[in-house]
Amino acid sequence: PETGCLSIVLLGASGDLAKKKTFPALYNLFRQGFLPPDEVHIFGYARSKISDEELRNRIRGYLSNEKSASSENLENLRNFLQLVKYVSGSYDSEEGFQLLDKEISKQELSKNTVEGSSRRLFYLALPPSVYPSVCKMIRHFCTNKSDLGGWTRIVVEKPFGKDLGSAEQLSAQIGELFEEPQIFRIDHYLGKELVQNMLVLRFANRFFLPLWNRDNIDNIQIVFREDFGTEGRGGYFDEYGIVRDIIQNHLLQILCLLAMEKPVSLKPEHIRDEKVKVLQSVLPIKDEDVVLGQYEGYRDDPTVPDNSNTPTFATVILRINNERWEGVPFILKAGKALDSRKADIRVQFKDVPGDIFRCKKQGRNEFVIRLQPSEAMYMKLTVKTPGLEMQTIQSELDLSYGQRYQGVTIPEAYERLILDIIRGDQQHFVRRDELKVAWEIFTPLLHRIDGGEMKPVPYKPGSRGPAAADELLEKAGYVQTHGY
Ligand code: BG6
């Protein structure tokens, strides 16, 4: 029984991720009663020497808008901030982690927690270069006894390595210190509402079962666009680029859910087994299936080298070599500084054979899942134009969440995933072998980019990206839908 005190430690507490995503997610969970104050403590750990109060002041602006908050919210906020303490230390200092352990134990004792029943969650909102030393310190100085239902869990963020070799090395280092069920590799796209809906959609609906294959589907696009550049993150971004930042993880995870076979059950291991299998069926990426871009002005960022070869845009076609998907291109596209902020999935069906209505030109059936903004799913289909004449038109069956589920608040991805970690559910986290295959798929391409053998073409900020990407899309078989 998990009755012991729960300590959540945020390492890298003053960084961007902690401030903008992790603390707000914890606050939302607190407000909804998932982090009861008589059981929970939150610790920030970072290098800067600040007080508890200073940390609270740094994060409070990200938690709620105090000016417009109601008095009930203000009380919530005060109570939450009271739970937050700060410990300062470096990421490789024994003293720092000994002190952290002392502070956690003190709180556990104050809550009369029996040894062996306490729960400790360490969230590494840090660059991967310090993962090994931080994990070693946690393992040696901060791990609790777990014989009475207690546990120690580690949460790591992407980028998890830079290529297959470095990721495997990192996995091995952490794997020596913690068991797989203790390690939670976050990909926050797996916490988005419509990504979580994907298996339900595919496997609980008769509509989709017989159609979801190469006989009926012509091509699938998974698209991520942002209408801002790398503002303030140029240094980080330039080292990684759009393929490592978005495609190898967020978009590839979506591909897994779209393309995998039906799992034996909903057990996390069964689901992840199927994800690994489909990744193993992905063929090596060909140069002609790739378009890279870099927006004009990217290199003006003082933290980006003048001769940077890093792509801020990429379209990559993946091809899956199995019975279900042979011949169906999976087009993964991601870009910064484009014309809009949007993430969606487009499943385009083949033409109807024997076109007696001569409606082919109007476009094909398409099933669209919009992950953000404004979650929605819609099916583009051909109907008779209402009226006396027998004419056809493209219309849609539309399930827009804002309309259909009015008043329902869709939880933030991080909120949901942190709750999963506390509950020990690894379904929406990336397993070690899954990560390895994901790197295997992209490493040869990444090495060609890093080695300067493939160069990004320039594109205008605020545009659709390089024209070559649209040409590639057309070559892959995508037909633009018109006429509705
Ligand atoms: C992060 C990337 O993983 O995802 C960022 O590092 C990107 O570059 C972000 O902006 C997008 O997340 P979301 O949830 O806003 O689509």
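We count ligands from 1, going down the list as the structure has it; atoms in each ligand are counted the same way. Predicted, not measured: the structure shown is a model, and the values here were computed from it.
Within the listing of ligand 1, atoms 13 (P), 16 (O) sit less than 4.0 angstrom from a heavy atom of Q372. Within the listing of ligand 1, atoms 2 (C), 5 (C), 6 (O), 8 (O) sit less than 4.0 angstrom from a heavy atom of D245. Close contacts between ligand 1 and K158 involve ligand atoms 1 (C), 2 (C), 3 (O), 6 (O) [criterion: under 4.0 Å to a heavy atom]. Ligand-side atoms of ligand 1 in range of K192: 13 (P), 14 (O), 16 (O), range being under 4.0 angstrom from any heavy atom. Numbered from 1 in the order shown, with element, the atoms of ligand 1 that lie under 4.0 Å from a heavy atom of K336 read 5 (C), 7 (C), 8 (O), 10 (O). Using a 4.0 Å cut-off to heavy atoms of H250, the atoms of ligand 1 that qualify are 1 (C), 3 (O), 4 (O).
Stacking of K162 on the aromatic ring of Y240 is recorded, both the 6.0 Å distance cut-off and the 45° axial limit being met. Under a cutoff of 6.0 Å and an axis angle of 45°, R78 and F80 do not form a cation-pi pair.
Ligand 1 has Y189 within reach: a non-hydrogen atom of the residue lies less than 4.0 Å from it.
Look at R225 and D339 and you find a salt bridge, because one of the NZ, NE, NH1 or NH2 atoms lies within 4.0 Å of a carboxylate O, short of that distance. A salt bridge is defined here as a Lys NZ or Arg NE, NH1 or NH2 lying under 4.0 Å from an Asp or Glu carboxylate O, and R139 with E176 fails to meet this definition.
The side-chain contact (heavy atoms from CB on, under 4.5 Å) test with R47 singles out one residue from S88, S14, S90, and that residue is S90.
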Stepwise ring-ring contact (aromatic ring centres under 6.0 Å, His included) check, F349 with F367: CA-CA 8 Å; F349 289 83; F367 176 51; 7.8 Å; no
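For atom 12 (O) of ligand 1, the closest non-hydrogen atom on the protein side is H188 NE2, 3.2 Å. Looking from atom 9 (C) of ligand 1 to the surrounding protein, the closest heavy atom is E226 OE2, 4.0 Å. Counting protein heavy atoms only, atom 15 (O) of ligand 1 is closest to R341 NH2, 3.0 Å.
In summary, the aromatic rings of F160 and W439 are positioned with their centroids too far apart to meet the 6.0 Å limit.
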